[in-house]
Amino acid sequence: MFQKQPYTRLANGVNMPLIGMGAWDMYGRQAEKAVMEAIEIGYRLFDTASMYGNETDIGRAIRRSKVPREELFITTKVNNVDQGFDNTLMGFDKSVKKLGLEFVDLYLVHWPLKATRRTTWLALEKLYLDKKIRAIGVANYTQPFLDELSGYASIIPMVDQIEFTPWLFQKSLLEYSREMHIQIQAYSPLARGRKLDDPRLLTLAKKLGRTPVQVVLAWHLAHGVSAIPKSSSRERLMENFESTTIELSPKDVEVIDGFNQDFRVCDDPQVML
Ligand SMILES: NC(=O)c1ccc[n+]([C@@H]2O[C@H](COP(=O)([O-])OP(=O)(O)OC[C@H]3O[C@@H](n4cnc5c(N)ncnc54)[C@H](OP(=O)(O)O)[C@@H]3O)[C@@H](O)[C@H]2O)c1
């Protein structure tokens, strides 16, 4: 329906859509239907994880789609219980089997577990060098984790997927990632809906004639941040995708930057190891 959408070029030259569909907490027929509707709307990026228990459902929808596989961008993640070098290689095989796809576009370390994050990353490098994945990255890596990784990695992650919203504006991590040519991808970009009644957001949305959600997602895009809002409702999927048509003024972006209150909906990775 909407043909044009913004892409980013990752450090290794792979193009990735900036807006995608998150797929946490959806299963079976509901997940399959949501992915198929999202593809019809124009989404090309889908974010799942071994931990979500729905790779089979997401993969089924992708395979049923008439859009060529090369036009779609599928992310999945190493489950925490599968971390470590050999386990990660096996975990990846399990994910690929469940998805039923010949390749994965982006494979992420889901969480920086202290004991195993190094060997897990080395396994991702192997999978990438074996050409089983088009890009590799991490999730929930703060600057200290990225610094540590730089000490042993031969390949710097192409993506860091972190919680990132106007109410959790991780400015210094965003700037640091830019210096390292790491693309930031925002998970829970809508703060799971918990801040959509922020009066400052409502005022801005009214002024712009857009919905609060669209303004939030347009703010991510204005910062060059990829966002993967989750919805299983066709109307909301459309509303979220239409954010790609909005260009905020630098002044509006600055106003939204000021919403920050270090508010999280997920665990703080710096605390939860
Ligand atoms: N790497 C990680 O550790 C990590 C952690 C968390 C999430 N993620 C990924 O990021 C994705 C998104 O994060 P999330 O699911 O936690 O939260 P989110 O996308 O911020 O919010 C999803 C919630 O907002 C609602 N919603 C969606 N569009 C809406 C709209 N236009 N208006 C009002 N409400 C709307 C959804 O309800 P409906 O479905 O009913 O529309 C759902 O309850 C996940 O699905 C997952 O793929 C990754």
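Worth knowing before you read on, the calculation uses all heavy atoms, side chains too, and leaves out hydrogens, waters and symmetry mates. Start at 1 and go down the list; that is how both ligands and their atoms are numbered.
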Requested in this report: Could you list the atoms of ligand 1 found under 4.0 angstrom from a heavy atom of His110?
Outcome: 1 (N), 2 (C), 3 (O)
Report task. State whether Glu148 and Arg117 are salt-bridged, where the test is any N-O pair (Lys NZ or Arg NE/NH1/NH2 against Asp/Glu carboxylate O) under 4.0 Å. Result -> yes
Report summary line: To atom 4 (C) of ligand 1, the nearest of Trp111, Tyr187, Phe241 on a heavy-atom basis is Tyr187
Query raised in the report: Nearest protein heavy-atom contact for atom 13 (O) of ligand 1: which residue, which atom, what distance?
Result: Ser188 N, 3.0 Å
Report summary line: The answer for which part of Thr48 has a heavy atom under 4.0 Å from ligand 1 is neither
Report summary line: Taken to the nearest 0.5 Å, the spacing of Leu10 CG from Ser226 OG works out to 9.0 Å
Report task. Number the atoms of ligand 1 from 1 as they appear, then name those within less than 4.0 Å of a heavy atom of Ala191, with their elements. Result -> 20 (O)
Query raised in the report: What residue and heavy atom of the protein are closest to atom 29 (C) of ligand 1, and at what distance?
Result: Arg236 CD, 3.7 Å
Report task. Specify whether Phe169 and Phe164 have parallel, tilted or perpendicular ring planes, treating 30° as the upper limit for parallel and 60° as the lower limit for perpendicular. Result -> perpendicular
Query raised in the report: For ligand 1, which part of Pro189 has a heavy atom less than 4.0 Å away: the side chain, the backbone, both, or neither?
Result: both
**Report entry** Over-ring placement of Lys195 relative to Phe259, 6.0 Å and 45° cut-offs
**Finding:** no
Query - Plane angle bin for Phe46 and Tyr43 - parallel if under 30°, tilted between 30 and 60°, otherwise perpendicular - result: tilted
Query raised in the report: Does Arg192 approach ligand 1 within less than 4.0 angstrom via side chain, backbone, both or neither, non-hydrogen atoms only?
Result: both
Report task. Run the numbers for me: atoms of ligand 1, each under 4.0 Å from some heavy atom of Ile228, listed by number. Result -> 9 (C), 10 (O), 11 (C), 12 (C)
Query raised in the report: Have Trp24 and Asn54 got a donor and an acceptor in their side chains that come within less than 3.5 Å?
Result: no
Query raised in the report: Any protein heavy atom sitting closer than 4.0 Å to atom 43 (O) of ligand 1?
Result: no
Query raised in the report: Is Ala23 close to ligand 1, meaning an N/O of one under 3.5 Å from an N/O of the other?
Result: yes
Query raised in the report: Any side-chain heavy-atom pair from Leu208 and Val215 closer than 4.5 angstrom?
Result: yes
Query raised in the report: Has ligand 1 got any nitrogen or oxygen that is less than 3.5 angstrom from a nitrogen or oxygen of Asp47?
Result: yes
Report task. Using a strict 4.0 Å cut-off to heavy atoms of Gln161, name the atoms of ligand 1 that fall inside it. Result -> 1 (N), 2 (C), 4 (C), 48 (C)
Query raised in the report: Is ligand 1 under 4.0 Å from a heavy atom in the side chain of Ser232, in the backbone, in both, or in neither?
Result: both
Query raised in the report: Between Arg69 and Phe103, is NZ or CZ placed under 6.0 angstrom from the six-membered ring centre and within 45° of the ring axis?
Result: yes
Query raised in the report: In terms of side-chain geometry, is the basic nitrogen of Glu32 or Arg64 positioned less than 4.0 Å from the acidic oxygen of its partner?
Result: yes
**Report entry** Ligand-residue contact atoms, ligand 1 with Pro229, heavy atoms, under 4.0 Å
**Finding:** 19 (O)
Query raised in the report: How far is atom 3 (O) of ligand 1 from its nearest protein heavy atom, and which residue and atom is that?
Result: Asn140 ND2, 2.9 Å
Query raised in the report: What do you reckon, is CD of Glu71 surrounded by more than 12 foreign heavy atoms closer than 6.0 Å?
Result: yes
Query - Residue Glu239 vicinity, atoms of ligand 1 by number, heavy atom under 4.0 Å - result: 31 (N)
Query - Closest candidate by heavy atom, reference atom 8 (N) of ligand 1, pool Trp24, Tyr52, Phe46 - result: Tyr52
Report summary line: The answer for which part of Asn240 has a heavy atom under 4.0 Å from ligand 1 is side chain
**Report entry** Proximal ligand 1 atoms for Ser231, defined as those under 4.0 Å from one of its heavy atoms
**Finding:** 27 (C), 28 (N), 38 (P), 39 (O), 41 (O)
Query raised in the report: Do you see a donor-acceptor pair shorter than 3.5 Å between the side chains of Glu163 and Asn140?
Result: no
Requested in this report: May I ask you to list the atoms of ligand 1 that are less than 4.0 angstrom from any heavy atom of Ala139?
Outcome: 1 (N)
Query raised in the report: Hey, does Leu190 come in under 3.5 Å of ligand 1, counting only N/O atoms on both sides?
Result: yes
Requested in this report: Kindly identify the option in Lys230, Lys77, Arg194 whose heavy atom sits closest to atom 22 (C) of ligand 1.
Outcome: Lys230
Query raised in the report: Would a 4.5 Å heavy-atom cut-off, applied to side chains only, mark Val216 and Trp167 as touching?
Result: yes
Query raised in the report: Is it true that Phe92 and Tyr52 fall in one hydrophobic cluster, defined by side-chain heavy atoms closer than 4.5 Å?
Result: no
Query - Residues Lys132 and Asp130 bridged, charged N to O under 4.0 Å - result: no
